[in-house]
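Worth knowing before you read on, the calculation uses all heavy atoms, side chains too, and leaves out hydrogens, waters and symmetry mates. Proteins get letters first, then strands, A, B, ... in listed order; numbering begins at 1 in each. Computed from a prediction, not measured in an experiment: that's the story for all the values here.
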Protein chains: 2
Amino acid sequence: MSRIHHPPPEAFELTRMLHALSDPVRLEVVRSLARNGEQTCAALDGDRPKSTMSHHFRVLRDSGLVETRGERTAHLNRLRREEVEARFPGLLDAVLRPES
Amino acid sequence: MSRIHHPPPEAFELTRMLHALSDPVRLEVVRSLARNGEQTCAALDGDRPKSTMSHHFRVLRDSGLVETRGERTAHLNRLRREEVEARFPGLLDAVLRPES
DNA sequence: TCGCTTGTTCGAATAATCTCGAACAAGCAC
DNA sequence: GTGCTTGTTCGAGATTATTCGAACAAGCGA
């Protein structure tokens with residue numbers, strides 16, 4: 001929690017979001033969130049250190065792709081599908097195709 | 001000329017292409033090519049040094065977004081629209097929207 | 001309270017990217 | 001040939017990303 005800030009859709013920047021999506025680890029996280037809905041950070045690390053994942057989640061949050069809800073001790077992450085779709089229509093669909 | 005290689009669509013990698021698109025200069029180049037068709041490198045530099053633009057064009061080529069045709073002394077660049085669309089449907093449309 | 005769990009933050013090392021001047025290659029005109 | 005133009009390549013510097021251990025904060029249960 002604390003200084004976790006989520007930008008409003010008007011503040012989304014395309015290049016920032018594309019950069020966030022251009023990392024294999026983060027892209028896999030986004031796909032898992034799209035497939036399985038809300039998940040904790042722990043469920044999404046691929047045996048990677050927590051500090052590494054925390055960094056990736058921060059990049060995803062700053063871009064607007066992910067919202068982290070600090071419920072209880074475990075944080076829940078969700079994909080901001082509607083907001084991203086409204087701001088950059090078609091982008092998520094293109095990136096989430098299984099064969100991509 | 002020389003070692004300019006253009007990957008076939010099967011070799012396109014999504015993360016690589018997203019990274020190529022995540023730079024403001026390169027995104028502007030891609031948009032200009034989409035809007036105006038084939039253009040030389042000189043027509044696309046924004047008063048940036050040639051070596052800088054050459055670097056960006058190489059990133060764009062390696063990702064599969066741009067094809068450079070070495071006709072005469074001036075090289076012509078074109079957006080590989082159909083190939084990108086076939087490999088990652090919807091991606092270019094999403095990125096080329098004017099309001100993005 | 002103590003211990004356990006989940007994530008964040010800090011700091012540092014490593015790696016990758018971006019930028020740009022200088023030198024080079026190739027085509028064209030004269 | 002010389003000169004001019006267009007781009008590439010090389011090299012270096014500066015900036016930014018990525019990775020990860022260590023320390024920290026906060027919630028929950030015994």
> Any idea which heavy atoms bring B/Ala94 and A/Pro89 closest together, and the distance?
Replying inline: CB-O, 3.5 Å
> Atom CZ of B/Arg58 to atom C1' of C/dC18: distance rounded to whole Å?
Replying inline: 13 Å
>> Without decimals, in angstroms, what is the distance between A/His75 NE2 and C/dT5 P?
In response: 16 Å
> Over how many whole Å does the gap from B/Asp45 atom CG to D/dT6 atom P extend?
Replying inline: 10 Å
>> Show me the pairs that pass side-chain hydrogen bond (donor to acceptor under 3.5 Å, both in side chains) and involve residues 83-96 of chain A, at least two apart or across chains.
In response: A/Arg78-A/Glu83, A/Arg80-A/Glu83
>> Does C/dG7 have its OP1 or OP2 closer than 4.0 Å to a side-chain nitrogen or oxygen of A/Thr68?
In response: no
>> Is the phosphate of C/dG7 approached by A/Thr40 (side-chain N or O, under 4.0 Å from OP1 or OP2)?
In response: yes
>> Under the side-chain contact (heavy atoms from CB on, under 4.5 Å) test against B/Leu79, which residue among B/Leu92, B/Leu60, B/Val84 passes?
In response: B/Leu92
> Expressed in angstrom and rounded to an integer, what is the separation of B/Gln39 atom CD from D/dG7 atom C1'?
Replying inline: 16 Å
> CG of B/Leu44 versus C1' of D/dG7: gap in Å, rounded?
Replying inline: 13 Å
> Side chains of B/Leu91 and B/Leu18: closer than 4.5 Å at any heavy-atom pair?
Replying inline: yes
>> Which residue in the set A/Gln39, A/Glu67, A/Glu38 passes side-chain contact (heavy atoms from CB on, under 4.5 Å) when paired with A/Leu76?
In response: A/Glu38
> Separation of A/His19 atom NE2 from D/dT15 atom C1', in whole Å?
Replying inline: 13 Å
> What pairs meet the side-chain hydrogen bond (donor to acceptor under 3.5 Å, both in side chains) rule with one or both residues in residues 8-31 of chain B, with sequence neighbours excluded?
Replying inline: B/Arg26-B/His56
>> I want to confirm an ordering. Mapping A/Ala42 and B/Asp23 to their closest nucleotides on DNA chain C, which one lands closer to the 5' end?
In response: A/Ala42
>> If I take atom CG in residue A/Leu27 and atom P in nucleotide D/dT18, what distance separates them, rounded to the nearest angstrom?
In response: 13 Å
>> In whole Å, I'd like the distance from the NE2 atom of B/His56 to the P atom of D/dT9.
In response: 15 Å
Which atom pairs link the protein and nucleotides 20-23 of chain C when you take only N or O atoms and keep those under 3.5 Å?
{"from": "C/dC20", "atom 1": "OP2", "to": "B/Thr52", "atom 2": "OG1", "distance (Å)": "3.4"}
{"from": "C/dG21", "atom 1": "N7", "to": "B/Ser51", "atom 2": "OG", "distance (Å)": "3.1"}
{"from": "C/dG21", "atom 1": "O6", "to": "B/Ser51", "atom 2": "OG", "distance (Å)": "3.2"}

>> Need to verify one output field. Residue with the more 5' nearest nucleotide on DNA chain D, A/Val59 or B/Arg61?
In response: B/Arg61
> Got B/Leu21 and A/Leu14 here, is their nearest side-chain heavy-atom distance under 4.5 Å?
Replying inline: no
